[in-house]
Amino acid sequence: MFTLPQKESKAPTTCPGPASTQDLDSNHGDGLERECSRKPDWKLPEFCGVGDPTATASSDSSHLSSRGSIIKWFWDSAEEGYRTYHMDEYDEDKNPSGIINMGTSENKLCFDLLSRRLSQSDMLRVEPSLLQYPDWRGHLFLREEVARFLSFYCKSPAPLKPENVVVLNGCASLFSALATVLCEVGEAFLIPAPYYGAITQHVYLYGGVRLVCVYLDSEGVKVKGLILINPQNPLGDIYSPGELRDYLEFAKRHKLHVMVDEVYMLSVFEKSAGYHSVLSLEGLPDPQRTHVMWATSKDFGMSGLRFGTLYTENRDVATAVASLCRYHGLSGLVQYQMAQLLRDRDWINQVYLPENHARLKAAHTYVAGELRALGIPFLGRGAGFFIWVDLRKYLPEATFKEEMLLWRRFLDNKVLLSCGKAFQCKEPGWFRLVFSDKAHRLCLGMQRVRQVLEGKSQVPDDPASCQSQESGNQRSGGETPPAVL
Amino acid sequence: MSHRLGMFRMPSAQMRGQGLRNQRIHTHLMEMMLHLKQTIEKNLMHLTTRHLQQDLVLEEQRHSQAASEQEALLGRLMYQLVNLLQSGAMGGLGLQPSCPSLDVRHDVRGGQWAQSPRQPDWPVHQLSDLEATFVSQHLSSRGIDISALYHSSFQDYKIYQRDKYHEDKNTMGFINLGLSENKLCLDLMTERLSQSDMNYIEDDLLQYPDWRGQPFLREEVARFLTYYCKVPDQLDPENVVVLNGCSSVFSTLAMVLCDPGEAFLIPAPFYGGFAFSACLYSKVELILVHLDSEVTDANPHPFQLTVDKLEQALLEARLTGKKVRGLILINPQNPLGDVYSRDSLQGYLEFAKKYHLHVIIDEIYMLSVFDEFITFHSVLSMESLPDPNRTHVIWGTSKDFGISGFRFGVLYTHNREVASAVSSFGYLHGISGIAQHKLCRLLQDREWIDKVYLPTYRSRLQIAHGYMTKKLEALGIPFLNRGSGLYIWMNLKMYLDPCTFEEELLLHRRFLDNKLILSRGRTYMCKEPGWFRITFADKPLLLKQAMHRFYQVLSEQKQDLIMKQLENAQRE
């Protein structure tokens, strides 16, 4: 029978971001499905640090299936986070004392450019074929454009082929689909931690697949693939061609699929960083097991647009993923707009990318300067929207409980960050700080961060201040995990 | 009747997935297959004897004939699978294209992994290379199943995508009257969607959304449904979840209401997409409530759904140990075109309540009722739902607004738990903010919908339906004359000799050979061979061309039948 997920208060959670789900799952990433593959049925993930115990209690529902209760848990944890952030969202005029979001990895620097571009007349075409049932892999015109686009920006040695492209509504769907077609229930992907925690949910919901962090003991679990994020999230690291090749050779030796998530590939704002897409390599070690993902969410700052694409030379995989596309399709009109956007190389190269990079760099420089002034160590690699910040010295004890208390302290001071636990980081005390936002919000956010840190170094720990203001249904006591966003 | 050959599938999936890769388990698989064969034979024996006990003489003959045919087919299939295994073990990927998809075809057309003792259609037709082999050393076994399932289910659609009829550019292309797509109002929709209010971009639309759907859209959906479903009280936007299509909504409901292997009841014939969705992600079984075309005292209307039939199917399923979690209803029905009366609806819902069943009710054709004498009753219009916490309504714009390419589906449920659980999937079934804005504007424009769109749409449906029914009458083809939906359910059994699903498939192929796609009864799990669904919601010119091809095929078929009968007579 189904037993309720047990809450473990010692395992803190999560981090916020209004995009909610993106981080919420990571807190049980290591707990999903302890054993594997013998029985094809679903097993209960082991939940650690679940936000709301009443939500888990109510999951013993006569209305939901066992797996339905687990699935609902994902939402409830996110829902709780929404309450915290969305009930008190910062607005320059209407709510200047609201919460500043430095937790969600979204690029808010270029809406002006994007909305202008998306409003141009070439975007507004409506034609019957766009309104009818499509080719589920994505309209051909779009797949052709994606192939050209990736050939150019990934510097592929030979032109990429539209037949190898599958388009769907975001990289989340792509992770889900790949997990489903590459793994059986209970099998796993390897992923270097810390990593973008939302992947846990993506591969679990439909696929029943778990993630094994490279530092975890993976005994008893059948590992089917390796997930690489390049540029890395949350570290901002960029893999060199040599490193990439090593990872790919490793995967080949172990017959692992490699899913390379290159969703930040155009968000490398330091020219010196020298980014190399896996598609640029001459002779992939195992092309049939190498699957590349890209999307417009980050590089074009349009996470709400829901556009993601897979590039794989493996036709079986492309076909299998395409078979799921009925469930992960995107509107024909949006497909048309995406094709127009990707086609407009002049605008991208001469307007969008230079401007976007300049703004990212300026924002990064500002935040990096602030951190330096505070004497805080950090990794700032010149790619992505975030800085991986080492706040270990602000934890009285090196525990995730303390990390969470600090996280809550930030939230109480109306600034939302993501804590390392949400990325399955091994050491407590790391935080991800998103800087790709407008200057005034960034200033205010950093000011609030500083207040907390300076206050922290002066004032002794006060448990009372650690309680969330919003969530009435949380368990009492400072150890309650924060709302998950 | 809800017989199952369920054990048949999983081993075959495993065979494809693993056996081919690993010679060591080759022998083991062979043994397993032998065992499988025995099991199936036993099962067939059981089925046969069961019918002997229960049915009338005619039925008896039919069933035992079906069973023996089935047995022969299975024998052949086993043989082929053995070959497949051998070749697979030798050559890794080098398999004959036809074999691996065989059983999958059966599964799909059978609609579930586990259905229907009737004769499956694989052996009669040589499989085309379209159904390329999906035995891959790279995919998981479920991945292989998914590919194969997709390809066999949507083969016609793929052919059509490659070679579409166009009145100027490709007059020899395929005409697709097999797909239920509303192409009557593309002019209106194109015009409306091109208006300036549609093109609006703001920050919010480009950022991570509320995964249940943007609040502005959920509010509009609640207002829209309140109005068009004639709901006594205002619907609550908090009960609305918006995803990228009704298939997604159904898929998520199946995930959160059932555990794998649990089941929904569904009256057959029914829209085959449910079968596809049920086995794709959620691994939920569908228990068919077979409806009869023949009118009798107990069955006053053809294909009438009664509470008795529901009860009987439920009890039978429970006897076999199935855990039935819910009932799926489609209203207006697809493919029959029936619209349930208020009383019938009430009856079905009371039945569901009595047995604690969820009811998933798909009202995707609710605005496509074109006969003014027929009143559609949404379940949402009922004064008090018998079991509101177990009643879940699906609607979308694909059919009623003819924008299937828009990917928009709605769940309305009073059950917040269910809504929350479904919302977890928002990430995987999200709609672009830009599209959400357009949808909101569309649903908001009541003036245009009521005064321009719906009147035009319905009158065009009426005309197209009138044209099609006249043609069918002239050909003497029996059909259900209903006033809703985009299609007609017709009976072509007089063109089949013998009246079997194999012959039905052959006729279907014959239509295809003449570049006409229809959908055949088998894909709707109809238990009687010979039924076809033909879509009429297309432009008059295209319909005319289609009916021309239709007529030609039937003439050929008729001549063949005559020849066949002559030969038989001579032989005797």
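In what follows, every chain begins at residue 1, and chains take the letters A, B, ... in the order their sequences are listed. As the structure is a prediction and not an experimental result, all values here were calculated from the model.
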Task: Selection from B:L428, B:I434, B:L257, B:I201 maximising heavy-atom pairs under 4.5 Å formed with chain A - done: B:L428
Task: Short side-chain to backbone donor-acceptor contact, A:E184 and B:S140, under 3.5 Å - done: no
Open item on the list: I'd like to verify something: which residue of B:G426, B:S251, B:A419 has the highest number of heavy-atom pairs under 4.5 Å with chain A?
Closed with: B:S251
Open item on the list: I'd like to verify something: which residue of B:G433, B:G409, B:C258 has the highest number of heavy-atom pairs under 4.5 Å with chain A?
Closed with: B:C258
Task: Under 3.5 Å side-chain donor-acceptor pair for B:Y150 and A:T319 - done: no
TODO: Select, from A:L174, A:L182, A:N107, the one with the greatest count of heavy-atom pairs under 4.5 Å involving chain B.
DONE: A:L182
Open item on the list: Using heavy-atom distances under 4.5 Å, tell me whether A:A318 contacts chain B through its side chain, its backbone, both, or neither.
Closed with: neither
Open item on the list: Just to be sure I understand the criterion: a residue of residues 113-120 of chain A counts if one of its heavy atoms is under 4.5 Å from a heavy atom of chain B. Which ones qualify?
Closed with: A:L114, A:S115, A:L118, A:S119
Open item on the list: Report which part of A:Q337 has an atom under 4.5 Å of a heavy atom belonging to chain B: side chain, backbone, both, or neither.
Closed with: side chain
Task: Side-chain touch A:S66/B:D259, heavy atoms, less than 4.5 angstrom - done: yes
- [ ] Answer with side chain, backbone, both or neither: which region of B:L179 has an atom nearer than 4.5 Å to a non-hydrogen atom of chain A?
- [x] side chain
Task: B:H358 versus chain A, the contacting section by heavy-atom distance below 4.5 Å - done: side chain
Task: Under 4.5 Å from a heavy atom of chain B, the part of A:H257 involved - done: side chain
- [ ] Please tell me if the side chains of B:Y157 and A:Y133 come closer than 4.5 Å, counting only heavy atoms from C-beta onward.
- [x] yes
Open item on the list: Around atom NZ of B:K164, are there more than 12 heavy atoms from other residues, nucleotides or ligands closer than 6.0 Å?
Closed with: yes
Open item on the list: Run the salt bridge (charged side-chain N to carboxylate O under 4.0 Å, His left out) test against B:E262 and tell me which residues pass, sequence neighbours left out.
Closed with: B:K323, B:R325
Open item on the list: Which residue in the set A:Y206, A:Y204, A:Y327, A:W75 passes ring pair (Phe, Tyr, Trp, His ring centres under 6.0 Å) when paired with B:F425?
Closed with: A:Y206
Task: Heavy-atom pairs under 4.5 Å with chain A, option from B:Q214, B:K183, B:K438 with the top count - done: B:K183
Task: Between CZ on residue B:R407 and OG on residue A:S331, distance to nearest 0.5 Å - done: 9.5 Å
TODO: Report yes if some heavy atom in the side chain of B:I431 is under 4.5 Å from a heavy atom in the side chain of A:R306; otherwise report no.
DONE: no
- [ ] Start with the C-alpha distance between B:L149 and A:S323, add both sets of side-chain angles, then the distance that settles side-chain contact (heavy atoms from CB on, under 4.5 Å), and finish with yes or no.
- [x] CA-CA 8 Å; B:L149 175 62; A:S323 307; over 6 Å; no
Open item on the list: If you count heavy-atom pairs within less than 4.5 Å of chain B, which of A:P128, A:C183, A:S176 leads?
Closed with: A:C183
Task: Student check: side-chain heavy atoms of B:R142 and A:V185 closer than 4.5 Å - done: yes
Open item on the list: I'd like to check B:S432 versus A:M302 (side-chain heavy atoms, cut-off strictly below 4.5 Å). Are they in contact?
Closed with: no
TODO: Measure the CG-CZ distance between A:D135 and B:R162 for me, rounded to the nearest 0.5 Å.
DONE: 10.0 Å
Task: Distance (rounded to the nearest 0.5 Å) between A:R326 CZ and B:F154 CZ - done: 3.5 Å
- [ ] May I ask you to test the B:M189-A:V126 pair for a side-chain heavy-atom distance under 4.5 Å?
- [x] no
Task: Among the listed options A:A177, A:G301, A:A322, A:A172, the residue most often paired with chain B at heavy-atom distances under 4.5 Å - done: A:A172
Task: From A:H328 atom NE2 to B:N244 atom CG, the distance as rounded to the nearest 0.5 Å - done: 7.5 Å
Task: Contact leader toward chain A among B:D203, B:D187, B:L193, B:I403, where contacts are heavy-atom pairs under 4.5 Å - done: B:D203
Task: Pairwise distance CG(A:D76) to OG(B:S424) - rounded to 0.5 angstrom - done: 7.5 Å
Open item on the list: Determine whether B:N415 and A:H63 satisfy the following criterion, side chain to side chain donor-acceptor pair (under 3.5 Å), listing intermediate values before the conclusion.
Closed with: CA-CA 8 Å; B:N415 189 323; A:H63 295 127; 3.1 Å; yes
Open item on the list: For A:K108 versus B:Q207, what's the shortest heavy-atom pair and its separation?
Closed with: CE-OE1, 3.6 Å
Open item on the list: Rounded at 0.5 Å granularity, tell me how far CG in A:L324 sits from CG in B:L280.
Closed with: 5.0 Å
Open item on the list: Is A:L130 close to chain B through its backbone or its side chain, or both, or neither, when contacts mean heavy atoms under 4.5 Å?
Closed with: backbone
Task: For chain A, the option from B:G143, B:A421, B:S404 that forms the most heavy-atom pairs under 4.5 Å - done: B:S404
Task: Check: A:D316/B:H138 side-chain N/O donor and acceptor closer than 3.5 Å - done: no
Task: Interface moiety of A:L333 toward chain B, non-hydrogen atoms closer than 4.5 Å - done: side chain
Task: Heavy-atom contact with chain A under 4.5 Å, split by part of B:S196 - done: neither
